[in-house]
Amino acid sequence: MGYSMASTPPPAPTPTPAADAEKRASFEREALVHLDSLYRVALRLTGNAAEADDLVQETMLKAYRAWHQYEKGTNAKGWLLTILRHAFINEYRRRTRHPETVDLDAIEPFSVFEELQDDDPQGTFFDRIVDDEVLRAIDELPEQFRETVVLSDVEGLSYEEIARVLEVPVGTVKSRLFRARRMLQGKLYDYAVGMGYIKGNAT
Amino acid sequence: MNCRECSEHLYEYLDRELTPQVEQEIRQHLSDCPPCGEHFDFERLFLDFLRARCRAEGAPPELKRRILRELFDE
Ligand SMILES: [Zn+2]
């Protein structure tokens, strides 16, 4: 189901100058082009730039060593993200953030649209919320929601691709995405009310 | 398709994850039902907003240099 390495890996090609040059060219063409994506995901997972740097560097190193196992022309981005995520779970998560266990039923899906239906149905308040505030709201999400929303809304992966990277069923991707987006809306709504961009409905 | 069925497919529709047939049924409902249409428009706006706010950040040039050095100039 995931982007796993082949169980019987093909033998690494014998290194010759020509083979090295070809390996480097195909790696630059298919893997290094995804550097920005890997960095954005790493930044949201680790929560800090220095660790994101290290995580991405380690991912690229592992990917380069395993490059003969990657089936050229398939989904390199998904394959790289899987390597990155495993490296994060194995080596970084312990040191940085703790994986939260989330009680799904405890999260009440808050519909900002229903709150705003009368005041701002066009959502014009979004225009006033700056990048940093959105990133902060994403960073506050529990990890499983954060990684799902980043792969979907920041990196544009399909449900199927996300399911393979996270090694969960597609149905889980859908429900996490639904809740993650609702949680984000709720946070940004609270922020906008706090800033006076919109009137909150006093309850 | 009724309003409840329509809203159950909200994000699958906006994420282009539905079969063409279901997608067509929803498009039809949205044009017939202004409240659902307004709700879907709002959610689409929110997703566009999220994407626009998060995509700007790229890898620092120094990181790319570090990786190239590490991989190719051993
Ligand atoms: Zn309706």
Side-chain angles (χ1 to χ4, degrees), chain A residues 20 24 27-28 31-32 34-40 42-44 49 52-54 56-61 63-65 111-114 116-117 120-124 126-127 129-135 137-138 149-150 152-156 158-160 170 173-174 177-178 181 184-185 188, chain B residues 1-23 25-26 29-31 33-74:
Chain A
D20 283 351
R24 175 177 175 159
F27 193 77
E28 289 191 10
L32 282 174
H34 298 297
L35 189 64
D36 287 343
S37 289
L38 294 182
Y39 183 73
R40 279 191 293 263
L43 204 51
R44 299 276 77 78
D53 279 1
D54 291 346
V56 170
Q57 180 167 9
E58 192 188 327
T59 301
M60 284 301 189
L61 208 64
Y64 194 62
R65 284 197 207 109
S111 170
V112 167
F113 176 71
E114 282 168 30
L116 289 175
Q117 228 160 3
D120 188 6
Q122 262 86 53
T124 55
F126 288 139
D127 295 338
I129 300 180
V130 296
D131 297 19
D132 283 352
E133 206 48 52
V134 177
L135 294 173
I138 292 176
V149 94
V150 167
S152 173
D153 290 322
V154 184
E155 299 312 325
S158 70
Y159 292 179
E160 181 65 40
V170 170
V173 172
K174 285 187 208 174
L177 207 46
F178 175 78
R181 286 168 173 171
L184 269 182
Q185 286 184 357
L188 295 170
Chain B
M1 172 158 311
N2 61 33
C3 294
R4 189 184 49 78
E5 290 166 334
C6 182
S7 70
E8 274 168 7
H9 291 301
L10 168 70
Y11 286 136
E12 288 164 283
Y13 177 79
L14 296 177
D15 291 328
R16 306 295 315 261
E17 292 275 350
L18 293 168
T19 61
Q21 194 207 329
V22 181
E23 193 173 297
E25 283 175 44
I26 290 188
H29 181 87
L30 293 177
S31 67
C33 176
C36 282
E38 224 180 61
H39 183 197
F40 273 53
D41 285 347
F42 176 87
E43 295 283 349
R44 187 193 299 281
L45 195 97
F46 171 70
L47 295 185
D48 290 345
F49 154 83
L50 263 191
R51 277 162 206 156
R53 289 292 187 275
C54 298
R55 287 225 47 128
E57 222 162 8
E62 176 49 31
L63 174 62
K64 181 159 190 186
R65 281 193 290 273
R66 233 170 85 184
I67 289 170
L68 289 174
R69 246 191 338 262
E70 173 99 19
L71 291 182
F72 304 129
D73 310 327
E74 290 156 313

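By convention in this document, chain letters (A, B, ...) are assigned in the order of the sequence lines, proteins followed by strands, and residues within each chain are numbered from 1. Heavy-atom basis, side chains included; hydrogens, waters and symmetry copies ignored.
For B/Glu38, the parts sitting under 4.5 Å from any heavy atom of chain A are the backbone and the side chain alike. Contacts between A/Val154 and chain B at a heavy-atom distance below 4.5 Å involve backbone atoms as well as side-chain atoms. With a threshold of 4.5 angstrom between heavy atoms, A/Arg40 approaches chain B through side-chain atoms but not through N, CA, C or O. Contact of A/Leu135 with chain B is made through the side chain alone, with heavy-atom distances under 4.5 Å. Contact of B/Glu12 with chain A is made through backbone and side chain together, with heavy-atom distances under 4.5 Å. Only the backbone of A/Val130 comes within less than 4.5 Å of a heavy atom in chain B; its side chain stays farther off. Using a 4.5 Å cut-off between heavy atoms, A/Glu133 does not touch chain B at all.
If you tally non-hydrogen atom pairs under 4.5 Å between each of A/Leu32, A/Ile129, A/Leu188, A/Val149 and chain B, the highest count goes to A/Ile129. Note on B/His39, B/Glu62, B/Arg51, B/Lys64: by heavy-atom pairs under 4.5 Å with chain A, the leading option is B/His39. Chain B forms more heavy-atom pairs under 4.5 Å with one residue of A/Leu177, A/Asp54, A/Leu38, A/Asp20 than with any other, namely A/Asp54. For chain B, the option among A/Val150, A/Leu184, A/Asp131, A/Asp132 with the highest count of heavy-atom pairs below 4.5 Å is A/Asp131.
How far CG of B/Leu68 is from CZ of A/Arg24: 6.5 Å, rounded to the nearest 0.5 Å. A distance of 9.0 Å separates CG in B/Leu50 from OG in A/Ser152, rounded to the nearest 0.5 Å. Put simply, NZ on A/Lys174 and NE2 on B/His9 are 8.5 Å apart, with the number rounded to the nearest 0.5 Å. Rounding to the nearest 0.5 angstrom, the gap separating the CZ atom in A/Arg65 from the CG atom in B/Leu71 is 9.0 Å.
In this structure, the side chains of A/Asp53 and B/Arg66 come closer than 4.5 Å at one or more pairs of heavy atoms.
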Next item on the list: Would you check, one step at a time, whether the test ring pair (Phe, Tyr, Trp, His ring centres under 6.0 Å) holds for B/Tyr11 with A/Tyr159?
Entry: CA-CA 11 Å; B/Tyr11 286 136; A/Tyr159 292 179; 9.2 Å; no

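A salt bridge does not link A/Asp153 to B/Arg53: none of the charged side-chain nitrogens sits closer than 4.0 Å to a carboxylate oxygen.
No donor-acceptor pair under 3.5 Å is formed between the side chain of A/Arg181 and the backbone N or O of B/Phe46. Checking side-chain atoms of B/Glu70 against main-chain N and O of A/Gln57 turns up no donor-acceptor pair under 3.5 Å.
By the 30° and 60° cut-offs, the orientation of the rings of A/Phe126 relative to B/Phe42 is tilted.
Scanning all heavy atoms of the two residues, the minimum distance from A/Val134 to B/Cys54 falls at CG1-SG, 3.9 Å.
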